[in-house]
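Position 1 is the first residue of the sequence; numbering continues from there.
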Amino acid sequence: MSKELLRMEGITKVYPNGFMASKNVTFSVNEGEIHALIGENGAGKTTLMKILFGHENCQEGKIYINGEETKIANPLDAIAKGIGMVHQHFMQVPNLTVAENIMLGIEPGKGQIFDRKEAIRQTQEAAEKYQLDVDPNALIRDLSVGYKQKVELLKVLIRGVRVLILDEPTAVLTPQETAELFVQLKALRDQGYGIIFISHKLEEVMELCNRCTVLRHGQVTGHGEIKDLDPVKLSRMMVEKDLDMKIDKVPATPTKTILHVEKLNYVNDIGKRVLKDVTFGIRAGEVVGIAGVEGNGQTELSEIITGLLHRTSGQITLNDTETDGKNIRQIRELGLAHISEDRMKYGIAQNLSIRDNIASIYLENPRFKKGLLLNTKELNRFVDQCIEEFEIACTGGEEAVRFLSGGNIQKVIIAREFSCGANLIVANQPTRGIDVGTTDLIRRLLVQYTREKEVGALLISSDLTEILEVSDRLLVMKGGQIVAQFNDVKSLTTETLGEYMLGVKSMTTEEMGELF
């Protein structure tokens, strides 16, 4: 029988507002296993890991490491006791090298003099030991997402941890990068490491993990050996119902062009040409997907279309009106709705209520005006309808958004944007880090609105299953350019798509055809 590396027993956490995030949770990790921790957003996964990693304390419960009860004061204490965490959003300094990032906090040298050669030597030695091929002298800002993840793994492993927490590690990886990561994780497992794998991708859990624990509403609702489970059983434990993630789509029948982008170029503040003559269009009645490894211009493209960034050159026409020189509000008034990839920065105001966040874009809407004044009664009625229609789990419209789970925060944004009457929806990573129930809702809404309301949608996503399931037409971006177009998405595989995303394959202009 495998040795138990870690045990959390009877963990209960209640926040000052009375919300019980964890209730009598027991969770363990054995030597040489990958243990999946799954559940909807707000189920308590993050809270449990924050307690384990020393970010939070708990009112009740005990933590055992190698059979001995311990208290974990902070993240540095957690690392010292053998627990490391690779966060979903990497903790790296872009302008430093790989070796400098890995050695932050444990810099070799005498006094305040940094021994660069020794840092490089230690990095190379660790890279060989853990089979994580990295260049110690490469700058973080020049690396792909998959490469940066190797750096994060090395940064944790070099500190001597034995239990690894991985939070949504494949959220931004291509299939090829995911496959490579899984090889590395299995190698670590075979060396005796205990790995906690947090993911919403049930197919990955089935492929990689040995055991799983399912949380719902802060309590354990299921656990067991993966070999005895399947995705249907797992989803039922997570959301109390069976989910069919397949979308039965009525074939798209696109009509007029809503958005036309012509020879769009963008040079960023350090002089790098991020977008290179990007040309494409979106028609009413279709979902156009954009796939690509992160950092190939997708974010800049969406932010320029929505007015968050200013283009260097090129034309953007929305509903027959050029958007150059218009601010965010004016572009929205042309018929645009926006779901940003950074929901906490651009999607919501954390300290305001659900009501204020939904109402924020409607304050000048004639529907909610009574003369020169705001018709608060009508606006409040509308917000209450949104809360009910989009199933936002909350105590009421006056609850501050910061108290909601990630999935319910996204529902607030979805409710606001899908109800505003726009005929173009720009959705950038709309389901990243979101539970399967909310993910299913968002995907179905994108398809439903394009079919029933003559809306056009631009979907930018790192989830290749999502991009293939939802898109009617698919574009691939690499190096700031569109390098492929697929009109027959149904016959496309994730492996083939990954080859275009990584630049192994590309299409000529003639092969791509008309980009509308």
Side-chain angles (χ1 to χ4, degrees), residues 172 174-176 247 249-266 273-306 311 313-318 341 423-430 443 446-447 450-451 455-516:
V172 295
T174 65
Q176 288 84 352
I247 300 174
K249 292 192 298 186
V250 175
T253 53
T255 55
K256 64 176 182 179
T257 298
I258 296 173
L259 176 76
H260 184 71
V261 177
E262 182 75 28
K263 292 187 176 179
L264 185 67
N265 290 281
Y266 174 66
R273 191 180 176 193
V274 180
L275 295 177
K276 305 171 186 176
D277 291 328
V278 173
T279 297
F280 71 99
I282 297 174
R283 297 165 294 178
E286 70 172 348
V287 179
V288 176
I290 292 185
V293 176
E294 269 201 12
N296 279 278
Q298 308 95 305
T299 293
E300 290 80 3
L301 176 62
S302 71
E303 292 188 352
I304 289 170
I305 291 171
T306 56
R311 74 194 81 165
S313 64
Q315 292 79 47
I316 300 174
T317 306
L318 175 58
E341 68 176 323
N423 69 345
L424 175 68
I425 298 172
V426 176
N428 191 354
Q429 312 293 352
R443 292 174 180 176
L446 283 169
V447 173
T450 55
R451 301 315 194 255
V455 166
L458 175 63
L459 172 63
I460 300 171
S461 179
S462 302
D463 186 328
L464 300 193
T465 301
E466 173 172 275
I467 208 98
L468 291 171
E469 188 73 22
V470 179
S471 302
D472 300 305
R473 184 160 54 94
L474 185 55
L475 310 176
V476 181
M477 288 190 71
K478 178 78 171 71
Q481 299 174 291
I482 294 174
V483 297
Q485 175 176 236
F486 299 95
N487 293 303
D488 182 15
V489 179
K490 284 184 178 180
S491 63
L492 188 59
T493 66
T494 56
E495 288 73 21
T496 300
L497 182 56
E499 289 176 339
Y500 283 94
M501 291 168 62
L502 291 170
V504 176
K505 293 181 179 178
S506 63
M507 291 183 182
T508 64
T509 304
E510 292 73 23
E511 287 173 322
M512 280 191 277
E514 189 176 2
L515 293 167
F516 304 96

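Rounded to the nearest 0.5 angstrom, L264 CG and I305 CD1 are separated by 7.5 Å. Rounding to the nearest 0.5 angstrom, the gap separating the CE atom in M512 from the CG atom in N487 is 11.5 Å. L459 CG to I467 CD1: the interatomic distance, rounded to the nearest 0.5 Å, is 4.0 Å. In this structure, CD1 on I482 lies 12.0 Å from CG on N296, to the nearest 0.5 angstrom. Summarising the geometry, atom OG1 belonging to T306 is positioned 9.0 Å from atom CG belonging to L301; distances are rounded to the nearest 0.5 Å. With rounding to the nearest 0.5 angstrom, the NZ atom of K263 is 15.0 Å from the CZ atom of R311.
Minimum heavy-atom separation, N265 to K276: OD1-CA, 3.4 Å. Of all non-hydrogen atoms in A252 and G285, the two that sit nearest each other are CB-O, 3.5 Å. Heavy-atom minimum distance, G480 versus V278: O-CG2, 3.4 Å.
In this structure, E300 has no salt bridge (charged side-chain N to carboxylate O under 4.0 Å, His left out) partners at least two apart in sequence or on a different chain. N428 pairs by the side chain to side chain donor-acceptor pair (under 3.5 Å) definition with S302, not counting sequence neighbours. Legend: residues meeting side chain to side chain donor-acceptor pair (under 3.5 Å) with S461, ordered by chain and number and at least two apart, are E466. In terms of the side chain to side chain contact (heavy atoms under 4.5 Å, CB included) criterion, residue partners of T257 (sequence neighbours excluded) are, by chain and number, H260, R283. T253 is linked by a side chain to side chain donor-acceptor pair (under 3.5 Å) to nothing, counting only residues two or more places apart in sequence or in another chain. Partners of K505 under the salt bridge (charged side-chain N to carboxylate O under 4.0 Å, His left out) rule, at least two apart in sequence or in another chain, are E499. Legend: residues meeting side chain to side chain contact (heavy atoms under 4.5 Å, CB included) with E510, ordered by chain and number and at least two apart, are T508. Every side chain to side chain donor-acceptor pair (under 3.5 Å) that R451 has, sequence neighbours left out, goes to D472. Annotation: side chain to side chain contact (heavy atoms under 4.5 Å, CB included) contacts of S491 (sequence neighbours excluded): D488. Taking F486 as the reference, Y500 meet the ring pair (Phe, Tyr, Trp, His ring centres under 6.0 Å) condition, with sequence neighbours excluded. For E303, the side chain to side chain contact (heavy atoms under 4.5 Å, CB included) partners two or more places apart in sequence, or in a different chain, are T299, L308, L309, Y346.
Not a single donor-acceptor pair under 3.5 Å links the side chain of N423 to the backbone N or O of V455. Side-chain N or O atoms of K249 include one that pairs as donor or acceptor with a backbone N or O of V470 at under 3.5 Å. Within the 3.5 Å criterion, the main-chain N or O of V504 finds no donor-acceptor partner in the side chain of K478. Under the 3.5 Å distance criterion, the side-chain polar atoms of Q485 are left unmatched by any main-chain donor or acceptor of R473. Between the side chain of Q298 and the backbone N or O of I290 there is no donor-acceptor pair closer than 3.5 Å. Not a single donor-acceptor pair under 3.5 Å links the side chain of S471 to the backbone N or O of V287.
In this structure, L275 and M477 have side chains that are in contact, with non-hydrogen atoms separated by less than 4.5 Å. Taking 4.5 Å as the limit, every side-chain heavy atom of V288 sits out of range of all side-chain heavy atoms of L259. Residues E286 and T450 fail the side-chain proximity criterion, which asks for heavy atoms closer than 4.5 Å. At a threshold of 4.5 Å between non-hydrogen side-chain atoms, the residues Q429 and S462 count as touching. At a threshold of 4.5 Å between non-hydrogen side-chain atoms, the residues L464 and M501 count as touching. Counting heavy atoms from C-beta outward, V261 and I304 have side chains that stay 4.5 Å or more apart.
Exactly one of D463, T493, L492 qualifies for a side-chain contact (heavy atoms from CB on, under 4.5 Å) with L468. That residue is L492.
For residues 281-301, the set of pairs meeting the ring pair (Phe, Tyr, Trp, His ring centres under 6.0 Å) definition, not counting sequence neighbours, is empty.
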